[in-house]
Q: 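The structure's right below; bear with me while I get my questions together.
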2 protein chains.
Amino acid sequence: MELDARKLGILKAIIDEYIMSASPVGSRAISKHEEFNLSSATIRNEMADLEELGYLEQPHTSAGRVPSDKAYRLYVDRMMQRAALSDDEIKLIRAHMSAKLDEVESVMKQTAQALSAVTNYTAMVMPPMLAANRLRHIQLVPLREGRALVVIVTTTGFARDAIIRVPEEVRSGELERISRILTERFYDCRMDHIGDMIAKEMSGELYERRAFLCSVMEAVERKMEPDSPNVQLSGTNNMLHYPEYSDVNKAKTFLAAVEGRNMLYDMLKRASKLEFSITIGNENEDEMFKDCSIVTATYQVGEEPLGSFGIIGPTRMNYGKVISVLEYMRRSLSEVLSADQDED
Amino acid sequence: MELDARKLGILKAIIDEYIMSASPVGSRAISKHEEFNLSSATIRNEMADLEELGYLEQPHTSAGRVPSDKAYRLYVDRMMQRAALSDDEIKLIRAHMSAKLDEVESVMKQTAQALSAVTNYTAMVMPPMLAANRLRHIQLVPLREGRALVVIVTTTGFARDAIIRVPEEVRSGELERISRILTERFYDCRMDHIGDMIAKEMSGELYERRAFLCSVMEAVERKMEPDSPNVQLSGTNNMLHYPEYSDVNKAKTFLAAVEGRNMLYDMLKRASKLEFSITIGNENEDEMFKDCSIVTATYQVGEEPLGSFGIIGPTRMNYGKVISVLEYMRRSLSEVLSADQDED
DNA sequence: TGTTAGCACTCTATTTTGTCGAGTGCTAAC
DNA sequence: GTTAGCACTCGACAAAATAGAGTGCTAACA
């Protein structure tokens, strides 16, 4: 027995129906589709076949059929049609993306909010990994009590800061000098190479300050990698709208899994190697997300991918729409970031 | 009829019991308390009195009694005893507060997490309002295409940055000069006065750049006030553990109210005028929080209060413990911030 | 006068039972 | 290969039955 065109059509109809209704699809419902013009009995036979092939599942005898993960996979690979975004949806996204976006942080937040508002699923956005960015400026600002603030700015306009200790023998005025020298020497260097370079080049006029410089550089490197708490989440509650989570305990489990952010961060990081990625139900390594599908995309400035973002929803997800939204957002986000996030 | 010592004692016992169990308290349960040594019938009479006085409510005949908001108010004002923190709890807080806290953002996040982990309620933390801080350093960093990054550092070690437009006639080198002049002139000025001062003093060597300076100052001012999306939330899901929210719809309403953050921000801002504040049930202006109690505290560096943080939970909240935790946290947070957030 | 035992009553939560309907698989006929 | 027909299964829902917690009131007691 194989998957002929008719079976495929019926399967698609079932999936579309199930995505809409969330309740098992019976043979009668499908037999009403005019394009097939088949009786419910015939559909039943086909459904039995599809079940045997592993594309459908039955919660219990005398319930309708529910698509399996395998079916969704087939669906996204071969059957799904993209849903063009409506004007309203585009407006909604624009509205989010045009508000005072003068800081990376708020760009990430707004992106997450736009995504969750348009899709009604949970959105996650990973802040940019700056490893491939280039240094523009480094500034050491003296604070009281042997502390200083290191501020790093990349050519793409991202700023990071960290507080470090300053040994007593380094005078306040010297920090300005060191800032100048470091900026000059490492101007336009890739952020992730600076550590190595300083190790090799530790000589010349700054030789006697090398211990201090190490701690500066260590702070710089630490700040380049985003970490899990910085993943922006939005619309976690959206999940509560879906009947899949009408049970408080399921909802709790999901929210707990998501709140940690560690898993999400790992997933996003892994996904940042591909332009798009879709993992469905059991394809997710994580036990907690076996009932979910996760769709991600990467954003970039210029060539280099900076990070990724995505959507988590029930496997019964509106894949067509989600993908369209992510595609749109991917462009939109890359543009906003390229424009140096200045919009007011 | 008035509230004598015995009535007070019984009321306290009922509240304590109800905080534990979340289900209406019957006369028998209280009559078992040895310290009263009264029969359930007597307790019943007293309970009827307490109900008449407005301290107790009855969900329906033949259910036990439930404390009213008025009762909780009395409880926190006159009857409650603080719960000392256990060693484990202190350890838990310490663990959160000692991890790489080299950025204000992460201090806020860790604080929120510690609070929600220890109390099992929802925690919110407002980032510092820098209005009363003093300027330490201001740096304009040129980026490409007529943009620059303004970085501001306060004497207390907080940094903020914003991207601004730079008019063509302002050369890259001049930004360095302007940075120096601004830093010199406004060194140690209160952040919220800088706007006014520049308006008055706009003369001398920077006269011909005044339009540009205005936009710099506007960016500075904008960054001083935290805004609602910056309120850190943690443990929103904790609420789902409580029977009050076993109904998904209630949970949804709560989570939606909280996700917006606007209300929380307003509340925290208002609360930042008092060291501590407790609002119970109906005392909350907001309709959404009529079933909740909100306890907040402020934190500071030196004299000036910088912001506030707090806990949201059901009115049936363990007030004694929450207040102890907030008190501990208030000290702890102020210390961490005073120490310039450097801990590794 | 305050306290208490006793009792009838109320109301909810839970369990049990019955009914309805959607959906199935199978068979036989077209 | 398709379809009508039919017996069967199972969950959802409603109605009825039961149990139990708690009350208010009354009358008696110290």
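Just so it is clear, the values below take in all heavy atoms, side chains as well, and ignore hydrogens, waters and symmetry mates. First the proteins, then the strands, lettered A, B, ... as listed; each starts at 1. Since the structure is predicted, the reported quantities are computational estimates derived from the model, not experimental observations.
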Q: Is there a donor on the side chain of B:S62 or the base of C:dT10 sitting less than 3.5 Å from an acceptor on the other?
A: yes

Q: On the nucleotide D:dT23, are OP1 or OP2 found under 4.0 Å from the side-chain N or O atoms that B:T61 carries?
A: no

Q: For A:H60 and C:dA22, what is the distance between atoms NE2 and C1' respectively, to the nearest whole Å?
A: 10 Å

Q: When all nucleic acid strands are considered with a 4.0 Å heavy-atom cut-off, which category describes A:S27: base, sugar-phosphate, or nothing?
A: sugar-phosphate

Q: Return yes if a side-chain donor-acceptor contact under 3.5 Å exists between B:S277 and B:T296, otherwise no.
A: yes

Q: Answer with yes or no whether the side chains of B:N238 and B:T122 bring together a donor and an acceptor at under 3.5 Å.
A: no

Q: Please give, in whole Å, the distance from D:dG22 P to B:N45 CG?
A: 17 Å

Q: So does A:T42 get a side-chain nitrogen or oxygen closer than 4.0 Å to the phosphate oxygens (OP1/OP2) of D:dT3?
A: yes

Q: Ignoring hydrogens, what is the shortest heavy-atom contact between B:I14 and B:V25? Give both atom names and the distance.
A: O-CG2, 3.8 Å

Q: So, B:S23 versus B:Y18: side-chain donor-acceptor pair below 3.5 Å or not?
A: no

Q: Looking at B:E57 and B:R65, is any side-chain nitrogen of the basic one under 4.0 Å from a carboxylate oxygen of the acidic one?
A: no

Q: Please work out which of the three classes, parallel, tilted or perpendicular, describes the rings of A:F254 and A:F289, given edges at 30° and 60°.
A: perpendicular

Q: Below the 4.0 Å mark, does D:dT23 have OP1 or OP2 next to a side-chain nitrogen or oxygen of B:R65?
A: yes

Q: May I have the distance from A:E17 (atom CD) to C:dG23 (atom P), rounded to whole angstrom?
A: 10 Å

Q: Separation of B:I14 atom CD1 from D:dT23 atom P, in whole Å?
A: 9 Å

Q: Taking atom P of C:dT3 as reference, at what distance in whole Å does atom CE of B:M47 sit?
A: 16 Å

Q: Find the distance B:Q58:CD to D:dG24:C1' and express it as a whole number of Å.
A: 10 Å

Q: What integer distance in Å separates B:E46:CD from C:dT3:P?
A: 7 Å

Q: Specify the separation, in whole Å, of atom NZ of B:K32 and atom P of D:dG22.
A: 8 Å

Q: Describe, as an angle rounded to 10 degrees, how the axis at the first end of the helix from C:dT1-D:dA30 to C:dC30-D:dG1 is tilted relative to the axis at the last end, five pairs per end.
A: 20°

Q: Take A:P24 and B:R6, find for each the nucleotide of DNA chain C with the closest heavy atom, and name the residue whose nucleotide sits nearer the 5' end.
A: B:R6

Q: What heavy-atom pair brings A:I312 and A:Y121 nearest, and what distance separates the two atoms?
A: O-CB, 3.3 Å

Q: Give a yes/no answer on whether the side chain of B:R44 brings an N or O atom under 4.0 Å of OP1 or OP2 in C:dG2.
A: no

